[in-house]
Amino acid sequence: MKPFFPGTAITYEGPETDNPLAYRWYDPVREVLGKPMADQLRFAVCYWHTFGWQGNDPFGAPTFFRPWMDEPDPMAGAEIKLGAAFELFEKLGTPFFTFHDRDAAPEGDTLARSNANLDRIAESIEGEMSRTGVRLLWGTANLFSHRRYMSGAATNPDPEVFAYAAAQVKHVMEVTHRLNGENYVLWGGREGYETLLNTDLAREADQLGRFMNLVVEHKHKIGFAGTILIEPKPHEPTKHQYDHDAAAIHGFLRKYGLEREIKLNIEVNHATLAGHSFEHEIAYAAANGLFGSLDINRGDPQLGWDTDQFPNNAQDVAIAMYTVLRAGGFTSGGLNFDAKIRRQSIEPDDILHAHIGGIDVCARALLIAARMVEDGKLQGLLDDRYAGWDGPLGQSILEGGASLDSLADYVLERDLDPEPRSGRQERLENLVNSYL
Ligand code: XUL
Ligand code: CO
């Protein structure tokens, strides 16, 4: 097959290079905090934006014309797309990829035909994975594009739609297992609502709770060892998405007894749509044992929707990477570029530039974050701030040895009048800037 992307493999040339098709910061074999950079970052390229999206928007038709898009036989198109996808993964040297069932293989007119299409493409994917050594970070089912899902999948008022979604997830999870996927993702695409006039919130939550329990049961039944991840998003496409943010999912998982079974896939632009910073969502997940994987991209501060742009600000990503490193780094998760080029970026090499930029920003951010971890100043200042909680008073409160009576006695006996201490925000911000 004729190559789709220009040039040869992208390699590390260092910060001084003026070659736009080279890495300045991403040196996969460089050791960072005891591991090669490639293993700290675990990059994945996504199938849907990079190979599926045609550049259409609500006002305009497709702007991207790719060879696999004009193919009259959709299965032949899927094979061409697959060839271009693995060509990109190899050229970038990214170790992982991610896909939805419907990005990889066309939907048929029955579920049985859709499954057969995916099975055939999965066979070709398997071949490309063994030829290139590229691995699957996660698979997922598209439960939001087809009109049958317009009122939700698991939260649909019609149990037949629930059943259809369950059948679809069963198949994609099995394909993910067969491809040795390291995780399986559920983004509740239309699990939410537009108006309470036609929505029973309590029922829909119970339906979603049942659905997730069925997914977990099936994972154990087939022996899939990967992690099940839910991806929070506050709105878009529905007005109120049930998986609003990490905290909302935490409450949901506890209500339905799933908190030891499911973790989170946190996306930058979803965090910011929820009014949070990306690092807040990571820190919340880590503090509650739910940190799984990341969809790396960025929004536009002036636009209120999910623009899914490639990350390009090392400072922002550095704080997020610092939060990841403090959480112990990735285990089964990684950094998935759930990001798309702009509609006017119509050339194949625009896809290369986008990924090279994103990869370099994350690599640079990792190096900055590693310095923050290594010299320990930020952690030291944080530990000092909470030192009282490691002393006798703090410990007796936390261990349950205190009561309101004993605390009142403690204050009155000593005539206690605690001295406020500065939060030192500006000093800390200056310290962060000193690593950049
Ligand atoms: C949508 C989104 C999805 C999920 C997978 O905003 O992020 O692409 O990552 O379904
Ligand atoms: Co995503």
Side-chain angles (χ1 to χ4, degrees), residues 42-54 57-58 85 96-105 107 118 136-146 149 152-155 165 168-169 171-173 175-176 181-192 208 211-212 215 226-246 248-249 262-274 276 278 281-282 285 291-300 303-311 320 333-341 358 362:
R42 294 171 58 86
F43 286 123
V45 172
C46 88
Y47 228 95
W48 52 102
H49 290 315
T50 298
F51 300 100
W53 186 48
Q54 298 182 287
D57 72 7
F96 292 101
F97 73 106
T98 54
F99 74 100
H100 296 83
D101 46 0
R102 304 296 177 247
D103 319 322
E107 177 145 16
L118 184 59
L136 176 61
L137 188 65
W138 47 264
T140 187
N142 179 332
L143 305 180
F144 45 89
S145 294
H146 193 281
Y149 294 126
T155 62
Q168 202 179 321
V169 167
H171 191 71
V172 187
M173 209 196 313
V175 169
T176 301
E182 306 216 359
N183 306 273
Y184 183 83
V185 164
L186 294 129
W187 169 56
R190 290 184 195 272
E191 310 297 21
L208 195 55
F211 193 83
M212 293 302 171
V215 169
T227 312
I228 305 282
L229 302 169
I230 295 183
E231 183 171 323
K233 186 172 184 182
H235 43 79
E236 200 204 314
T238 73
K239 180 174 174 184
H240 300 273
Q241 298 270 138
Y242 296 130
D243 301 330
H244 188 274
D245 60 1
I249 296 182
I262 297 184
K263 292 187 167 29
L264 298 177
N265 182 42
I266 294 168
E267 176 164 327
V268 184
N269 207 168
H270 298 181
T272 53
L273 286 175
H276 298 306
F278 185 38
E281 288 289 86
I282 298 170
F291 175 63
S293 196
L294 300 178
D295 273 6
I296 188 85
N297 57 22
R298 80 183 143 105
D300 181 304
L303 301 176
W305 65 88
D306 195 14
T307 61
D308 283 336
Q309 287 163 257
F310 277 81
L335 285 169
N336 173 46
F337 286 108
D338 190 349
K340 57 178 189 269
I341 50 175
C362 294

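Start at 1 and go down the list; that is how both ligands and their atoms are numbered. Bear in mind the structure is a predicted one, so any value in this text is a computation, not a measurement.
- Looking only at its N/O/S atoms, Glu231 has OE2 as the one nearest to the Co ion (ligand 2).
- The side chain of Asp295, and not its backbone, has at least one atom closer than 4.0 Å to an atom of ligand 1 (non-hydrogen atoms only; side chain from C-beta on).
- With 3.5 Å as the limit, one finds no donor-acceptor pair spanning the side chains of Trp187 and Asp243.
- The minimum distance between the Co ion (ligand 2) and any N, O or S atom of Glu267 involves atom OE1.
- The heavy atom nearest to atom 1 (C) of ligand 1, out of those in Phe144, Trp187, Trp48, is found in Trp187.
- In summary, of the residues considered (Asp245, Leu229, Leu294, Ile249), a side chain to side chain contact (heavy atoms under 4.5 Å, CB included) with Leu264 occurs for Ile249 alone.
- Between the side chains of His171 and Asp101, no donor-acceptor pair is found at a separation under 3.5 Å.
- Nearest N, O or S atom of Asp338 to the Co ion (ligand 2): atom OD2.
- Every N/O-N/O distance between Thr140 and ligand 1 stays at or above 3.5 Å.
- Between Asp338 and ligand 1, at least one N/O pair is under 3.5 Å apart.
- Interatomic distance, CZ of Arg42 versus CZ of Phe96, reported as 4.0 Å (0.5 Å rounding).
- By the 4.0 Å heavy-atom criterion, Val185 is excluded from the residues contacting ligand 1.
- With respect to the Co ion (ligand 2), Asp295 has OD2 as its nearest N, O or S atom.
- Relative orientation of the Phe337 and Phe43 rings is parallel, given thresholds of 30° and 60° on the angle between their planes.
- Of the possible donor and acceptor atoms, one in the side chain of Glu191 sits under 3.5 Å from a partner among the backbone N and O of Ala154.
- Shown in contact with Lys233 at under 4.0 Å from a heavy atom are these atoms of ligand 1, numbered in order with element: 6 (O).
- No side-chain N or O of Asp338 forms a donor-acceptor pair with one of Asn297 less than 3.5 Å apart.
- Below 3.5 Å of separation, one finds an N or O of Glu231 facing an N or O of ligand 1.
- By the 30° and 60° cut-offs, the orientation of the rings of Phe97 relative to Phe99 is parallel.
- Donor-acceptor pairing under 3.5 Å is recorded for the side chains of Thr98 and Asn336.
- Summary of contacts: the protein heavy atom closest to atom 10 (O) of ligand 1 is His100 NE2, 2.7 Å.
- Put simply, part of His270 is less than 4.0 Å from ligand 1, judged by heavy atoms.
- Within the 4.0 Å heavy-atom criterion, the part of Asp306 lying near ligand 1 is the side chain and not the backbone.
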